[in-house]
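Input: a single structure, listed below in structure tokens.
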Amino acid sequence: MVKVYLVEDEIIIRQSIKNSIDWEKEGYEFVGDASDGELALPVILKEKPDILITDIRMPFMDGLELSRMVKAELPDIKIVILSGYDDFEYAKQAIKIGVAEYLLKPVSSAVLLEHLSEIAEKVRDEREDLALKKVYYQEMQENEELIKMKFLGELISGKLSLADAMEKGKRFHMNLSGPFYRIILFKFIQEDHVQAEQSEVLAGAYEAVGGYVDRFRDVFRFQRGVEGWAFLLTSVEEEMETQTKAFIEGLKAVIAPFDTLTWFGGIGSEVARIRELRYSFREADKAFAGRFVQKPNQIISVEQLNFEQQDNEFDANIFGEINQFDQIITRFLSSGSLEEVESFVGALFTEISEDHFRSLMIRQYIIMNIYATVLTFCKKLRKDAGVDGEAAGQMESLRENEEILKRAVSTAESVDDIKAYIGTLLDHAIELRNTVSGRRYSDIIQTAKKRIEQDYMSEDISLNSVAAEVCMSPSYFSSVFSKEMGKTFIEYLTEVRMEKAKQYLACSSMKTSEISYEVGYKDPHYFSYIFKKTQGCTPKEYRAARKG
């Protein structure tokens with residue numbers, strides 16, 4: 001309903017307006033009245049009426065002063081001024097304030113209702129527009145991040161010309177004129193699934209980082225789902241290093257208050273052409289892979305990652321270093337994804353100088369050590385969860401690696417040969433883990449779907465609230481949900497609501513407005529709009545077709 005508040009100092013007129021109209025029957029909620037603006041103001045700010053009817057001449061605070069103060073706090077409120085003074089100066093002031101109507105006393109109930117009806121229609125239209133914009137924003141926020149991720153892929157493919165990149169970048173308010181560019185990759189390491197008490201901290205950190213990056217005119221952010229963020233820096237040549245340093249220091253300062261979170265970043269090289277951005281991304285990705293083997297809470301370049309590997313002389317201590325791999329590999333197998341295997345293997349091998357691989361003995365030792373670690377992990381999976389069906393087949397496939405192992409031990413001559421073998425081995429182990437655990441994200445998706453099924457009718461259900469329930473950051477949850485379900489969170493929620501609406505339309509005599517409320521839409525006009533958009537017909541047409 002449209003809420004109405006009345007301010008009139010003449011008690012007879014005030015009572016007449018208040019009592020001569022059946023407000024509820026006419027579609028209004030009368031939320032109060034007062035004899036002057038001073039008494040009315042705090043109540044108006046509390047009740048937030050849609051329409052304010054006020055006399056212009058009152059003691060203590062007149063109608064114009066009240067209108068100015070109310071408009072300052074509630075800019076969307078519609079104000080109807082009642083005046084016994086046919087004074088053009090009052091009318092001019094009222095127009096300047098933004099008053100909707102200026103009516104001369106005496107005014108009959110019929111005339112007042114006629115004007116209120118026009119104003120109420122505007123209020124409803126504005127509500128519908130606001131609801132449309134709200135949902136549109138939610139949908140576009142998810143879709144826009146997916147489109148931006150695709151745009152990043154095009155940028156780092158090296159296939160876009162500067163002109164094409166600048167034109168496409170306009171959609172996201174990006175000025176990519178350069179002339180110099182750099183990629184920085186960044187991620188909160190435990191963002192995929194944190195403890196419940198950490199989810200709000202992580203959401204706050206995400207918001208803080210997003211706000212920080214958006215302050216820069218020459219830095220642009222891309223969500224990469226499970227891989228965190230990519231930041232694209234643009235600059236003139238002599239400023240890039242200074243800008244990069246300042247940006248990173250500022251980023252560290254922003255995330256410093258969130259000291260319970262761990263994070264990592266990789267810095268790409270500076271490039272002079274948009275087509276060369278793939279080289280910067282490649283360097284950043286190599287450094288970013290250091291998150292698997294390096295201490296957290298640092299943002300490093302490839303040069304820094306390789307700093308400790310400068311000594312190319314053979315060192316017998318290499319065997320002790322390789323024995324440390326078991327902890328790193330076990331940790332990765334517990335929480336890593338198939339998409340991260342290649343990066344992980346690359347990072348693992350940065351810990352060993354390539355010169356060491358000239359030794360057949362070391363090559364064989366590395367392969368045997370990693371194989372034993374992976375097999376131990378998989379056997380523990382089998383013991384803890386039991387193995388049958390598909391998982392048993394995958395376990396057998398892993399055992400077959402023993403033959404591949406024998407060939408790898410005897411024939412692997414290059415680092416690439418060993419990387420390929422280790423990558424295959426880790427792929428099998430993660431697939432087994434995912435099968436044994438019922439797929440990595442199945443519990444999370446099932447929890448989210450259950451929450452939607454239970455609370456689809458609530459106006460408060462949102463991607464943020466469900467993400468908090470499954471202990472994920474909103475952006476990470478959005479990425480996981482879209483990937484696992486093949487549709488965005490909003491699209492899935494809308495589908496659930498539409499299916500429930502169709503059940504009501506086909507199996508009940510409820511009005512469309514009542515069904516709208518039951519499935520989570522407080523505005524029947526917006527519900528009808530969404531129904532027609534998704535189902536191809538209006539709710540009325542759908543009901544008629546089912547009962548015809």
Side-chain angles (χ1 to χ4, degrees), residues 133 136-187 206 209-248 250-251 265-289 299 301-302 339-340 342-343 346 475-476 478-479 482-483 486-488 490-491:
K133 288 176 181 177
Y136 177 79
Y137 176 75
Q138 288 178 321
E139 291 177 348
M140 288 303 101
Q141 193 174 30
E142 283 194 76
N143 292 336
E144 201 76 350
E145 291 300 338
L146 295 174
I147 295 170
K148 278 179 70 177
M149 193 185 300
K150 183 178 178 181
F151 179 46
L152 175 64
E154 292 178 321
L155 285 173
I156 62 178
S157 71
K159 296 178 182 178
L160 283 183
S161 66
L162 177 59
D164 289 339
M166 289 180 65
E167 183 61 32
K168 289 193 173 189
K170 288 179 182 178
R171 169 172 182 165
F172 310 106
H173 308 289
M174 296 180 183
N175 179 5
L176 301 179
S177 57
F180 294 92
Y181 311 88
R182 166 170 280 155
I183 291 285
I184 296 177
L185 302 180
F186 178 84
K187 177 181 180 179
Y206 253 77
V209 171
Y212 169 71
V213 177
D214 289 345
R215 296 206 303 264
F216 291 85
R217 296 178 61 186
D218 45 13
V219 180
F220 311 105
R221 60 185 171 101
F222 299 83
Q223 293 281 3
R224 299 176 63 226
V226 297
E227 292 291 333
W229 275 295
F231 302 132
L232 170 57
L233 281 65
T234 66
S235 179
V236 297
E237 183 178 16
E238 61 270 18
E239 293 181 1
M240 179 60 84
E241 292 305 321
T242 301
Q243 177 188 335
T244 300
K245 183 177 180 181
F247 174 76
I248 291 174
L251 180 60
I267 307 170
S269 54
E270 177 186 335
V271 294
R273 299 176 186 274
I274 202 78
R275 289 183 185 272
E276 296 173 348
L277 203 57
R278 64 186 186 275
Y279 301 123
S280 182
F281 181 86
R282 191 179 303 164
E283 292 291 294
D285 199 35
K286 287 180 182 178
F288 188 51
I299 302 175
S301 64
V302 170
E339 295 84 355
E340 293 177 311
E342 184 177 351
S343 295
S475 60
Y476 191 93
S478 174
S479 175
S482 299
K483 184 176 180 180
K487 62 194 70 174
T488 67
I490 289 293
E491 288 170 342

Is any side-chain heavy atom of [X] less than 4.5 Å from a side-chain heavy atom of [Y]?
X	Y	answer
Lys187	Phe288	yes
Arg224	Leu152	yes
Leu176	Leu232	yes
Val302	Ile267	no

Tell me if the centroids of the rings in Phe231 and Phe247 come within less than 6.0 Å of each other. yes
Assert yes or no for the condition that the ring centre distance of Trp229 to Phe220 is strictly below 6.0 Å. no
Looking only at heavy atoms, which two atoms of [X] and [Y] are closest? And how far apart?
X	Y	result
Gly158	Arg278	CA-NH1, 3.5 Å
Thr234	Asn175	OG1-O, 4.2 Å
Ala289	Ser343	CB-O, 3.3 Å

Donor-acceptor check, side chain of [X] to backbone of [Y], threshold 3.5 angstrom: yes or no?
X	Y	value
Lys148	Arg221	yes
Glu491	Thr488	yes
Tyr181	Ser235	no
Ser280	Ile183	yes

Hey, could you give me the [atom1]/[atom2] distance between [X] and [Y], rounded to the nearest 0.5 Å?
X	Y	atom1	atom2	answer
Thr244	Leu233	OG1	CG	5.0 Å
His173	Arg171	NE2	CZ	10.0 Å
Leu185	Asp285	CG	CG	6.0 Å

Side chains of Ser269 and Arg182: is there a donor and an acceptor less than 3.5 Å apart? no
Lys159/Glu154 salt bridge by N-O under 4.0 Å criterion: no
